[in-house]
Amino acid sequence: MGAPQKTQKQLPLRPAGPDTVAALLRWYEAERRDLPWRYGPRKKADPYRVWLSEIMLQQTTVKAVIPYFQKFVARWPNVAALAAAQLEEVLQQWAGLGYYSRARNLKACADAVVRDFDGVFPRTEVELRELPGIGPYTAAAIAAIAFGEKATPVDGNIERVVSRLFAVQQPLPAAKTEIRNLAATLTPARRAGDFAQAMMDLGAEICTPKNPSCLVCPVQPDCAASARGIAETLPIKAQKLARPSRFGIAFLVQREDGAVLLRQRPEAGLLGGMLEVPSTHWGDASPSKREALRSAPVTTSWMAVPGPVVHVFTHFRLELVVYRAIVPVDASFTLWAEQDRCRWVHRRDLHAQALPSVMKKVIAHGMNAE
DNA sequence: GACCCGTGGGC
DNA sequence: TGCCCAAGGGT
């Protein structure tokens, strides 16, 4: 033979199973995160709070969610209160958290629970799955955490932990089915909720995407990926496409009394139902000045504010050049935009509007340009 | 399965 | 800076 083969040391490894889960649950009881929607290990939490937190946490970090969660439960302490609210209020309170269809579905779900279930959340995955905004993950999470049902929510954390525990080599998203089955195999009948939350805490604090802390991991002895030294490389993900750029011109119209012209966006699609600063179409290239003026909401003299506002969405990057104008308070100008969707909002009231972050950026950029 | 749908933070 | 990431759902 040639040079001695440098094989990786293979420790005897039992596949993850009930003992792994027991070790994980012990770790959870000692190290669990204290979060405002949790009631404590071995306890079932308030279904309303679990549901609200799970919707907010969809693709959103715990840190970003906490202040919104506190604000919502203070204002609407139960599902009946939320059902009695106006959608407009809910969108206002949701502004800044992103993925605004969640806010619409949140309201629709509260309405449905009050209407169809007498204000009591159903406890099974199948029933929960029928409600607006509740998909397979959230249905399983609520069933397990709030009701103690044996359900297996699989989020990004759990996908990562499971793919490492079993050294799943198949790339995502194709591997989702296998990962789900493996996670279900581990789920204990008694403490499915604690198990799910323990897996999520482990993923958030130990089994992180980069630089996982295998040395202090409670289930490291049972982890196939750690044994092979490939934990950080898992899960393998399919390549992503480059993010295209779009360009437009936004028209910040300020009235002499300090009001700003805003318009409500269509209910469906990007930033659905939220307020916006009127703008041109967002296209693949910057609109010409001629094109821009054709879509201006009023005929007036515009000042181009130096430097575009750049905002990155999930699937494209947006550059908006802000045109700014001051108009008189009387109606001595013509409003070309769809008037019924437009409103004047005083500067001091902007914070209470359903304004997405990108539009707050546009307004701040334009108003600071003086 | 593939797209669309926000935002802020970490590195 | 640019990319990745975060307790996904709807279509």
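Only this structure's heavy atoms are used, side chains among them; waters, hydrogens and symmetry mates stay out. Small disclaimer: the values here were computed from a predicted structure and weren't measured. Letters A, B, ... are given to chains in the order of the sequence lines, protein chains preceding strands, and every chain is numbered from 1.
Contacts of residues 193-209 of chain A with DNA chain C (heavy atom under 4.0 Å): A:Met200, A:Pro209.
Across all strands shown, A:Trp51 has no heavy atoms under 4.0 Å from either base or sugar-phosphate atoms. Among the protein residues, A:Pro153 comes within range of no part of the nucleic acid, since none of its heavy atoms lies under 4.0 Å from any strand.
Across C:dG8, C:dC5, B:dT7, the shortest atom-to-atom separation from the side chain of A:Lys240 is found for C:dC5. Which of B:dG6, C:dC5, C:dG9 sits closest to the side chain of A:Lys237 comes down to C:dC5.
Distance A:Arg317 CZ to B:dG6 P: 18 Å, rounded to the nearest Å. Here B:dA2 presents its P atom at 12 Å from CG of A:Leu172, a figure rounded to the nearest Å.
Checked against the 6.0 Å centroid criterion, the rings of A:His311 and A:Phe313 qualify as a close aromatic pair.
An OP1 or OP2 oxygen of C:dG9 is reached within less than 4.0 angstrom by no side-chain nitrogen or oxygen of A:Arg129. The phosphate of B:dC5 has OP1 or OP2 within less than 4.0 Å of a side-chain N or O from A:His315. At B:dC4, none of the side-chain N or O atoms of A:Tyr99 fall inside 4.0 Å of OP1 or OP2 (strictly under the cut-off). Residue A:Gln58 places none of its side-chain N or O atoms closer than 4.0 Å to OP1 or OP2 of C:dG8.
Side-chain contact, A:Gln58 with A:Thr138: a donor N or O sits under 3.5 Å from an acceptor N or O.
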Please enumerate all protein N or O atoms sitting under 3.5 Å from an N or O of nucleotides 8-11 of chain B, with distances to 0.1 Å.
{"residue": "B:dG8", "atom": "OP1", "partner": "A:Ser357", "partner atom": "OG", "Å": "3.2"}

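Comparing the P positions of C:dT11 and B:dG6 gives an interatomic distance of 14 Å, to the nearest angstrom.
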### Task
Please report the C-alpha distance between A:Met367 and A:Gln254 in whole Å, then the side-chain angles of each, then the deciding distance to 0.1 Å, and finally whether the side chain to side chain contact (heavy atoms under 4.5 Å, CB included) criterion is met.
CA-CA 9 Å; A:Met367 303 223 311; A:Gln254 293 176 274; 3.6 Å; yes
